[in-house]
Amino acid sequence: MRTTTAHRTVILVAAGALGLGGVAIAAPALAGAGPFDRPAATATPGSGGDGGMGHGTRNGATSPMGPGAMARGGGCAGSSVTAQQGTLTDAQKSTLAAMAQEEKLAHDLYAAFGTTYDLVVFDHIANSEAQHLAMVRTLLQRYGVVDPTAGTTDGTFSDPAVQATYDTLLAEGSTSQTAALGVGKKVEQTDIADLKAALTGLSAPDVTQLYTNLLAASERHLAAFTRWT
């Protein structure tokens, strides 16, 4: 297992999401929270949050989205970084690059599951993850950090460790709809742990704002997958 700072987040993904030890993460107490709800005979509309509302299946009788859903083309809460630029250490720059890989991994997995299973939750959260990746890429450019996801297609990663993690999680989630939802929970739990760790000792206002927004979004995503499980 790699131990360099540059691969800290990658290792957490492999350890936490794949259940290989080293990361023990408990889901936060989010009962009743989250932008999505489980399918019901009659959907109760609500305001759009991170990725909008999502009730039922794409083709089912329930309403797929409530008012404000997928606002701004599938936008998410706090979809821009407005805080001023600060200073990052080399280790913090490496963490920022690793965050891009995590956001892409989440997007690519959910997009793949969205083509397999008739659940809007995967489509909505995949759209949200795409916006998160765009936000991370903006700060990578701002701080002059090489984007490890540049030029890669869905399901492909420049880092072999991330590629292996993606392949394993994709195979796991492809066995059943329940397994895919479980993968979503694992990914979001790992993201939450990584973001909390990344915020420790961080002073750059814009990166702090980014990670705080991503953390809140991951908590909503975890609540959504938990409700659908």
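Side-chain atoms are counted along with the backbone in the values below, which use heavy atoms only and exclude waters and symmetry mates. Remember, predicted model here, so these are calculated numbers, not experimental data.
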[X] (side chain) donor-acceptor with [Y] (main chain) under 3.5 angstrom:
{"X": "K185", "Y": "H221", "answer": "no"}
{"X": "Y117", "Y": "S176", "answer": "yes"}
{"X": "S218", "Y": "I192", "answer": "no"}
{"X": "S94", "Y": "D90", "answer": "yes"}
{"X": "Q177", "Y": "D118", "answer": "no"}

(request) Report the C-alpha distance between F225 and Y110 in whole Å, list the side-chain angles of each, state the deciding distance to 0.1 Å, and finish with yes or no for ring pair (Phe, Tyr, Trp, His ring centres under 6.0 Å). (result) CA-CA 11 Å; F225 286 129; Y110 304 157; 5.1 Å; yes
Any side-chain heavy atom of [X] within less than 4.5 Å of one from [Y]?
{"X": "T149", "Y": "F157", "value": "no"}
{"X": "Q163", "Y": "S158", "value": "no"}
{"X": "V207", "Y": "Q92", "value": "no"}
{"X": "T95", "Y": "Y211", "value": "yes"}
{"X": "Y143", "Y": "D206", "value": "yes"}

For [X] versus [Y], what's the shortest heavy-atom pair and its separation?
{"X": "G173", "Y": "A180", "result": "O-CB, 3.4 Å"}
{"X": "F122", "Y": "L181", "result": "CZ-CD2, 3.7 Å"}
{"X": "A217", "Y": "H132", "result": "CB-CE1, 3.4 Å"}
{"X": "E188", "Y": "I125", "result": "OE2-CG2, 4.5 Å"}
{"X": "A111", "Y": "A126", "result": "N-CB, 3.9 Å"}
{"X": "S80", "Y": "N213", "result": "O-ND2, 4.0 Å"}

(message) Between L199 and L210, is there shared hydrophobic-cluster membership here, with clusters defined by ILVMFWY side-chain heavy atoms closer than 4.5 Å?
(response) yes
(request) Scan side-chain atoms only and decide if T82 and Q209 contain a donor-acceptor pair under the 3.5 Å cut-off. (result) yes
(message) Regarding T226 and T229, do their side chains bring together a donor and an acceptor under 3.5 Å, going by distance alone?
(response) no
(request) Could you walk me through whether K186 and E172 pass salt bridge (Lys or Arg N to Asp or Glu O under 4.0 Å), step by step? (result) CA-CA 11 Å; K186 291 178 184 179; E172 178 181 340; 2.6 Å; yes
If you measure from [atom1] on [X] to [atom2] on [Y], what distance do you get to the nearest 0.5 Å?
{"X": "T156", "Y": "D167", "atom1": "OG1", "atom2": "CG", "result": "10.0 Å"}
{"X": "L215", "Y": "R220", "atom1": "CG", "atom2": "CZ", "result": "9.5 Å"}
{"X": "L195", "Y": "T212", "atom1": "CG", "atom2": "OG1", "result": "9.0 Å"}
{"X": "L202", "Y": "L88", "atom1": "CG", "atom2": "CG", "result": "6.5 Å"}
{"X": "L119", "Y": "W228", "atom1": "CG", "atom2": "CH2", "result": "5.0 Å"}
{"X": "L139", "Y": "M99", "atom1": "CG", "atom2": "CE", "result": "12.0 Å"}

(request) With side-chain contact (heavy atoms from CB on, under 4.5 Å) as the test, would you mind laying out the steps for V183 and L170 before giving the verdict? (result) CA-CA 8 Å; V183 167; L170 180 64; over 6 Å; no
(request) Sort out for me which residue in D154, L133, T152 forms a side chain to side chain contact (heavy atoms under 4.5 Å, CB included) with D108. (result) D154
(message) Show, in sequence, the C-alpha distance, side-chain angles and deciding distance for H124 and S128, and conclude whether the side-chain hydrogen bond (donor to acceptor under 3.5 Å, both in side chains) test is met.
(response) CA-CA 6 Å; H124 292 179; S128 178; over 6 Å; no
(request) May I ask you to decide whether E103 forms a salt bridge with R137, counting only side-chain N to carboxylate O separations under 4.0 Å? (result) no
(request) Walk me through it: do V136 and L214 pass the test side-chain contact (heavy atoms from CB on, under 4.5 Å)? (result) CA-CA 10 Å; V136 176; L214 296 182; 4.0 Å; yes
(message) With a sphere of 6.0 Å drawn around CD of Q85, does it hold more than 12 non-hydrogen atoms of other residues, nucleotides or ligands?
(response) yes
